[in-house]
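Notes to accompany the following structure.
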Amino acid sequence: QVQLVESGGGLVQAGGSLRLSCAASGSIFSINVMGWYRQAPGKQRELIASLTSGGTTTYVDSVKGRFTISRANAKNTMYLQMNSLKPEDTAVYYCNAAVGVVGYWGQGTQVTVSS
């Protein structure tokens with residue numbers, strides 16, 4: 001079992017920055033991949049960034065060059081640094097951890113970008 005708790009969301013003006021955090025606990029040494037998803041109103045949840053246990057990162061095109069996924073192993077925490085935010089980045093952001101074929105989710109954190 002893995003427990004995930006996100007924090008760091010909020011309201012920001014377009015062009016601003018936010019950093020999301022995802023604190024993991026439980027069987028964290030079994031995690032293969034961690035990722036950040038987001039779900040905008042009326043849209044499906046989408047994977048926007050992922051980080052493997054080996055350190056490989058991937059990003060969806062819409063956030064490349066603006067968002068950075070990272071982790072601090074000593075703190076069992078994953079981050080999403082979001083820069084140059086746009087109104088279309090408004091969504092609930094979720095942290096995900098995969099242990100084999102089982103995925104664990106955090107509760108989500110709201111990010112709202114005003115124009």
Distance-only, no hydrogens or angles: does the Arg71 side chain make a donor-acceptor pair with backbone N or O of Ser53 under 3.5 Å?
-> yes
Just by distance, do the side chain of Asn76 and the backbone of Ala23 share a donor-acceptor pair under 3.5 Å?
-> no
Return the minimal non-hydrogen interatomic distance between [X] and [Y], and the atom names on each side.
X	Y	value
Leu51	Ser70	CD2-C, 3.9 Å
Val2	Ser27	CG2-O, 3.7 Å
Ile31	Ala97	CD1-CB, 3.9 Å
Cys22	Met34	SG-CE, 4.1 Å

Sequence neighbours left out, what passes salt bridge (charged side-chain N to carboxylate O under 4.0 Å, His left out) with [X]? Give chain and number order.
X	answer
Arg66	Asp89
Glu46	Arg38
Lys64	Asp61

What pairs meet the ring pair (Phe, Tyr, Trp, His ring centres under 6.0 Å) rule with one or both residues in residues 76-113, with sequence neighbours excluded?
-> Tyr37-Trp105
What pairs meet the disulfide (SG to SG under 2.5 Å) rule with one or both residues in residues 24-92, with sequence neighbours excluded?
-> none
Identify every side-chain donor-acceptor pair in residues 4-20 under 3.5 Å, counting partners at least two apart or on other chains, and give the distances.
residue: Glu6; atom: OE1; partner: Gln107; partner atom: N; Å: 2.9
residue: Glu6; atom: OE1; partner: Gly108; partner atom: N; Å: 2.8
residue: Glu6; atom: OE2; partner: Cys95; partner atom: N; Å: 2.6
residue: Glu6; atom: OE2; partner: Gly108; partner atom: N; Å: 3.3
residue: Ser17; atom: OG; partner: Asn83; partner atom: OD1; Å: 2.9

Would [X] and [Y] show up in the same hydrophobic cluster when neighbours are defined by side-chain heavy atoms closer than 4.5 Å?
X	Y	result
Tyr59	Val113	yes
Ile69	Val60	yes
Phe29	Met78	yes

Worked check of side chain to side chain donor-acceptor pair (under 3.5 Å) between Thr58 and Ser50 | CA-CA 5 Å; Thr58 59; Ser50 65; 2.3 Å; yes
With side chains defined as the heavy atoms from C-beta onward, is the minimum distance between Leu80 and Ile48 less than 4.5 Å?
-> yes
